[in-house]
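The structure presented is a predicted model; accordingly, all values stated were derived computationally and were not measured.
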Amino acid sequence: IKTADEIAKMRIAGRLAAEVLDMIKPHIKAGVTTLELDSICHDYIVNKQDAIPACLGYGAAPGRPAFQHVICTSVNHVVCHGIPTDTKKLKNGDILNIDVTVIKDGYHGDTNMMYVVGGETSILANRLCNVAQEAMYRGMATVKDGSYLGDIGHAIQQYVESERFSVVREYCGHGIGNVFHDEPQVLHYGQKGTGMRLEAGMTFTIEPMVNAGVWQTKLLGDKWTVVTKDHKLSAQFEHTLLVT
Ligand code: MF3
Ligand code: CO
Ligand code: CO
């Protein structure tokens, strides 16, 4: 449960993260590489926001190097944790998720959204992005003092599957504060009235990943990039929330 002082800091961190997503939008166009987008975000976070990019150097584990970039850039069939690269240029109709996490005054703000390169894509890709965003909002709408973690997952899963898409299981939302990935795990599937009871002052993310085909994923050899097992499209939206 965050104190009033911590909540004030979380609001600032959350706003800064959101401002990065706004700032980068006009830079997303055909011919640009995701590494160029990463470098623009890096400069903005460090020099304009005087904040710390939380992903840079994060997450080293046995057999996995630390993440070496500021944003995750997940294009088309990449589910999450896509590594910015200069080897591929974005093209019109690509769907791109940019996930940004900043630390300001010790507290984390974590948010992501979809962008359509060139503004137009297939009917399917467009619907997938809209369903992922609406799924996030439906999960958020359940959140209040006294609701359950399982209510979030239930609302998301029920909606996504009614649209004949699937919900990724192996990655989830998370508690957040002075720790990046804190307890609890916030699953995007599940049953109403189950799991932790929410209380005012809790902060966590909701970040459903929605697949056009099967929910199963595959981790690439770089140990970060997560792709759909069937190589069909995936979309995600993320907010950091405070229970009021
Ligand atoms: N921002 C991601 C999340 O939503 C985590 C990215 S970790 C990284 O939780 F190391 F891949 F950047
Ligand atoms: Co994130
Ligand atoms: Co997150």
Side-chain angles (χ1 to χ4, degrees), residues 16-46 48-49 51-60 64-103 108-122 125-126 128-129 132-133 136 168 170-171 173 180-181 205 207-212 217-228 231-240:
L16 291 175
E19 282 171 2
V20 176
L21 294 183
D22 287 340
M23 177 281 297
I24 200 65
K25 184 160 190 234
H27 297 279
I28 300 170
K29 36 186 185 218
V32 168
T33 69
T34 48
L35 194 64
E36 290 169 330
L37 299 176
D38 182 73
S39 121
I40 295 165
C41 291
H42 190 180
D43 178 65
Y44 188 80
I45 292 167
V46 171
K48 291 250 166 46
Q49 297 187 326
I52 298 168
C55 294
L56 186 58
Y58 180 80
R64 180 177 77 178
F67 198 80
Q68 295 300 328
H69 297 88
V70 163
I71 51 174
C72 296
T73 50
S74 303
V75 182
N76 295 335
H77 69 295
V78 179
V79 173
C80 63
H81 305 165
I83 301 175
T85 169
D86 60 2
T87 62
K88 247 177 64 187
K89 294 180 191 313
L90 292 173
K91 48 188 194 326
N92 285 330
D94 281 347
I95 57 169
L96 164 69
N97 180 281
I98 294 185
D99 191 342
V100 58
T101 309
V102 304
I103 309 171
H108 292 72
D110 184 8
T111 183
N112 76 49
M113 67 178 285
M114 300 302 297
Y115 303 85
V116 176
V117 178
E120 273 180 59
T121 189
S122 68
N126 201 54
L128 186 69
C129 293
Q133 184 171 34
M136 176 189 67
V168 169
E170 300 102 319
Y171 302 88
F180 188 171
H181 293 112
T205 72
E207 49 181 301
M209 285 140 275
V210 177
N211 292 351
T217 64
K218 213 167 55 182
L219 182 64
L220 296 190
D222 61 27
K223 300 294 181 200
W224 279 106
T225 310
V226 179
V227 300
T228 54
H231 283 214
K232 292 189 179 176
L233 295 173
S234 187
Q236 180 181 26
F237 277 81
E238 174 176 30
H239 268 310
T240 296

*Asks:* Treating T111 as the side-chain partner and E238 as the backbone partner, does any N or O pair qualify as donor plus acceptor under 3.5 Å?
*Replies:* yes
*Asks:* Give the minimum heavy-atom separation between P53 and I45, together with the two atoms involved.
*Replies:* N-CG2, 3.9 Å
*Asks:* Taking all atoms of both residues into account, what is the closest heavy-atom pair of S234 and I95, and its distance?
*Replies:* O-CD1, 3.8 Å
*Asks:* With side chains defined as the heavy atoms from C-beta onward, is the minimum distance between L37 and L90 less than 4.5 Å?
*Replies:* yes
*Asks:* Can you tell if the side chain of L35 reaches within under 4.5 Å of the side chain of T85, non-hydrogen atoms only?
*Replies:* no
*Asks:* How long is the gap from CG on N126 to CG on L233, to the nearest 0.5 Å?
*Replies:* 11.5 Å
*Asks:* With the side chain counted from C-beta on, respond yes when D110 and E207 share a heavy-atom pair under 4.5 Å apart, and no when they do not.
*Replies:* yes
*Asks:* Where is the tightest heavy-atom contact between S74 and G82, given as atom of each residue plus distance?
*Replies:* OG-N, 3.2 Å
*Asks:* Can you give me the closest heavy-atom contact between H77 and H231, atom names plus distance?
*Replies:* CB-O, 3.5 Å
*Asks:* Got H69 and H42 here, is their nearest side-chain heavy-atom distance under 4.5 Å?
*Replies:* no
*Asks:* Any non-hydrogen side-chain atom of V79 less than 4.5 Å from a side-chain atom of N211?
*Replies:* yes
*Asks:* Start with the C-alpha distance between D99 and T101, add both sets of side-chain angles, then the distance that settles side chain to side chain contact (heavy atoms under 4.5 Å, CB included), and finish with yes or no.
*Replies:* CA-CA 7 Å; D99 191 342; T101 309; 4.2 Å; yes
*Asks:* Rounded to the nearest 0.5 Å, what separates atom CE in M23 from atom NZ in K48?
*Replies:* 8.5 Å
*Asks:* Does L220 reach the side chain of D222, with side-chain heavy atoms less than 4.5 Å apart?
*Replies:* yes
*Asks:* Within the 4.5 Å heavy-atom criterion, are C72 and W224 side-chain neighbours or not?
*Replies:* no
*Asks:* Ignoring hydrogens, what is the shortest heavy-atom contact between M114 and A235? Give both atom names and the distance.
*Replies:* SD-CA, 3.8 Å
*Asks:* Mark yes or no for whether Q49, through its side chain, and L16, through its backbone, hold a donor-acceptor pair below 3.5 Å.
*Replies:* yes
*Asks:* Please report the shortest heavy-atom distance between I83 and T73, naming the atom on each side.
*Replies:* C-OG1, 3.7 Å
*Asks:* Please check if the side chain of N76 supplies one atom and the backbone of D94 the other of a donor-acceptor pair under 3.5 Å.
*Replies:* no
*Asks:* Centre-to-centre under 6.0 Å for H181 and Y58, is that the case here?
*Replies:* yes
*Asks:* Do V226 and M209 make a side-chain contact, defined as non-hydrogen atoms from C-beta onward lying under 4.5 Å apart?
*Replies:* no
*Asks:* What is the distance from atom CD1 of I24 to atom OH of Y44, rounded to the nearest 0.5 Å?
*Replies:* 10.0 Å
*Asks:* Which distance, rounded to the nearest 0.5 Å, do you find between the SG of C80 and the CG of N112?
*Replies:* 9.0 Å
*Asks:* What's the spacing between H108 NE2 and C55 SG if we round to 0.5 Å?
*Replies:* 8.5 Å
*Asks:* Judged by atom type as modelled, is there a donor-acceptor pair below 3.5 Å linking the side chain of Y115 to the main-chain atoms of L21?
*Replies:* yes
*Asks:* I need the K218 NZ to E170 CD distance, nearest 0.5 Å.
*Replies:* 12.5 Å
